[in-house]
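To start, the structure under review is shown below, and the notes come after it.
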Amino acid sequence: MRALLMALVAGSFVVGGPGFAPVAAADTYPSRPITIIVPFAAGGPSDAMARVLGERMRMSLGQPLVIENVTGAGGSIGVGRAVQSPPDGYTISFGHLGTHVANGAVYQLKYDLVADLEPVVLLPSNPMIVVSKTAVPATSLKELIEWLKSRPSPATAGTAGAGSGSHIAGVYFESVSGIKLQYVPYRGTAPALNDLIAGQIDVIIDQTSNSITQVRAGTIRAYAITDDKRLASASEIPTAEEAGLKGFNMTLWSGLWVPRGTPKEIVTRLNAAAVEALSDPAVKKQLEGLGLEMTPQDQLTPEALGARQKAEIAKWWPIIKAANIKVE
Ligand code: MLT
């Protein structure tokens, strides 16, 4: 059936009648709302970026972009849902380094992250940020690491599930600092952050865009960011190297994909709408205010996202497999 559907879509003609779902031809696309599957809970960094983008992409596509949060298993359930969708441009997969790279090394996925998806556009990126509940008696990264090492049992670290960006960042933090963490999986880092603010968990190695507002409000404490330069929007937070921890450098980039077999003209339409949204000064201001770095102009093609994803798979899979991450 899928092969038949792909043939229909590839032929870009509309087929009616019993047994066939009408397949919108590329030249009338989009003729109905488009779904963006965000594989994490509402209110988190992925959800926030998808909503900002979707709202602005609507202006050039002329159809609403509806966010559907399909959570669980480090984001791999939501990506799987997108992979299984008809390749007609009406389902977009939002994801990032965790879901579209790391998950492939952590889970026995029923899909291939490269072969079963078509890249659309590379989205803004941000470093990770080490944050703790305010009750932790540390005022620097060095003191935090000492405190973590002194725990009788491993401190708790909130993540968005095994293989998520926050989980991979936690494993990376353990490997460069010699600490040990006990991971607490959530359906996204929005619910994890709520528990950090409430003091229910000890730390998160979070996307900066998710935690920065709460850091500024003083409800959680920040220690360092995993970049080689400070953020213009949060210049008071040192890099991990400045805070005394070498080799902790991680940028979490995001992207949009569609199921393999989506007509090229539709991929081009979606890419153009996303590039227009990212060039909008209001969108830029909103995302940069959260500590996100806009995608360089020469990295906005679908091919650039495809190349980034493949390069990151080559870099991270050996590291993740060596860490022998077990899915609880
Ligand atoms: C993660 O991988 O940590 C996700 O970005 C969490 C989220 O977006 O909720």
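Just follow the structure's listing: the first ligand is 1, and inside any ligand the first atom is 1. Nothing fancy with the numbering, it's 1 onward along the sequence.
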Show the atom names and distances, to 0.1 Å, of all donor-acceptor pairs under 3.5 Å that link a side chain in residues 189-201 to residues at least two apart or in another chain.
{"residue": "Thr189", "atom": "OG1", "partner": "Asn210", "partner atom": "ND2", "Å": "3.4"}
{"residue": "Asp195", "atom": "OD2", "partner": "Tyr186", "partner atom": "OH", "Å": "2.7"}

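- With ring centers used as reference points, His100 lies under 6.0 Å from Trp257.
- Looking at Asp88 and Arg32, a side-chain N of the basic residue comes within less than 4.0 Å of a carboxylate O on the acidic one, giving a salt bridge.
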Enumerate, one pair per line, all nitrogen or oxygen atoms of ligand 1 lying under 3.5 Å from a protein nitrogen or oxygen, stating the separation to 0.1 Å; write 'none' if no such pair exists.
{"residue": "ligand 1", "atom": "2 (O)", "partner": "His96", "partner atom": "NE2", "Å": "2.9"}
{"residue": "ligand 1", "atom": "2 (O)", "partner": "Gly165", "partner atom": "N", "Å": "2.7"}
{"residue": "ligand 1", "atom": "3 (O)", "partner": "Ser166", "partner atom": "N", "Å": "3.2"}
{"residue": "ligand 1", "atom": "3 (O)", "partner": "Ser166", "partner atom": "OG", "Å": "2.7"}
{"residue": "ligand 1", "atom": "5 (O)", "partner": "Ser46", "partner atom": "OG", "Å": "3.4"}
{"residue": "ligand 1", "atom": "5 (O)", "partner": "His96", "partner atom": "NE2", "Å": "3.1"}
{"residue": "ligand 1", "atom": "5 (O)", "partner": "Gln207", "partner atom": "NE2", "Å": "2.7"}
{"residue": "ligand 1", "atom": "8 (O)", "partner": "Ser46", "partner atom": "N", "Å": "3.1"}
{"residue": "ligand 1", "atom": "8 (O)", "partner": "Ser46", "partner atom": "OG", "Å": "2.6"}
{"residue": "ligand 1", "atom": "9 (O)", "partner": "Thr189", "partner atom": "N", "Å": "2.9"}
{"residue": "ligand 1", "atom": "9 (O)", "partner": "Thr189", "partner atom": "OG1", "Å": "3.3"}

Pairs under 3.5 angstrom only: tabulate donor-acceptor contacts from the side chains of residues 243-251 to other protein residues two or more places apart or in another chain.
{"residue": "Lys246", "atom": "NZ", "partner": "Glu241", "partner atom": "OE2", "Å": "2.9"}

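- Connection of Leu292 to Phe40 is not established within any shared hydrophobic cluster, with ILVMFWY side chains joined at heavy-atom distances below 4.5 Å, either directly or through further cluster members.
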N/O donor-acceptor pairs under 3.5 Å from side chains in residues 148-166, not counting sequence neighbours:
{"residue": "Lys149", "atom": "NZ", "partner": "Ser177", "partner atom": "O", "Å": "3.1"}
{"residue": "Ser150", "atom": "OG", "partner": "Trp147", "partner atom": "O", "Å": "2.6"}
{"residue": "Arg151", "atom": "NE", "partner": "Trp147", "partner atom": "O", "Å": "3.2"}
{"residue": "Thr156", "atom": "OG1", "partner": "Asp202", "partner atom": "N", "Å": "3.0"}
{"residue": "Thr156", "atom": "OG1", "partner": "Asp202", "partner atom": "OD2", "Å": "3.1"}
{"residue": "Thr159", "atom": "OG1", "partner": "Gly161", "partner atom": "N", "Å": "2.9"}
{"residue": "Ser164", "atom": "OG", "partner": "Ala160", "partner atom": "N", "Å": "3.3"}
{"residue": "Ser164", "atom": "OG", "partner": "Gly161", "partner atom": "O", "Å": "2.7"}
{"residue": "Ser164", "atom": "OG", "partner": "Ser166", "partner atom": "OG", "Å": "3.2"}
{"residue": "Ser164", "atom": "OG", "partner": "His167", "partner atom": "N", "Å": "3.2"}
{"residue": "Ser166", "atom": "OG", "partner": "Ala160", "partner atom": "N", "Å": "3.0"}

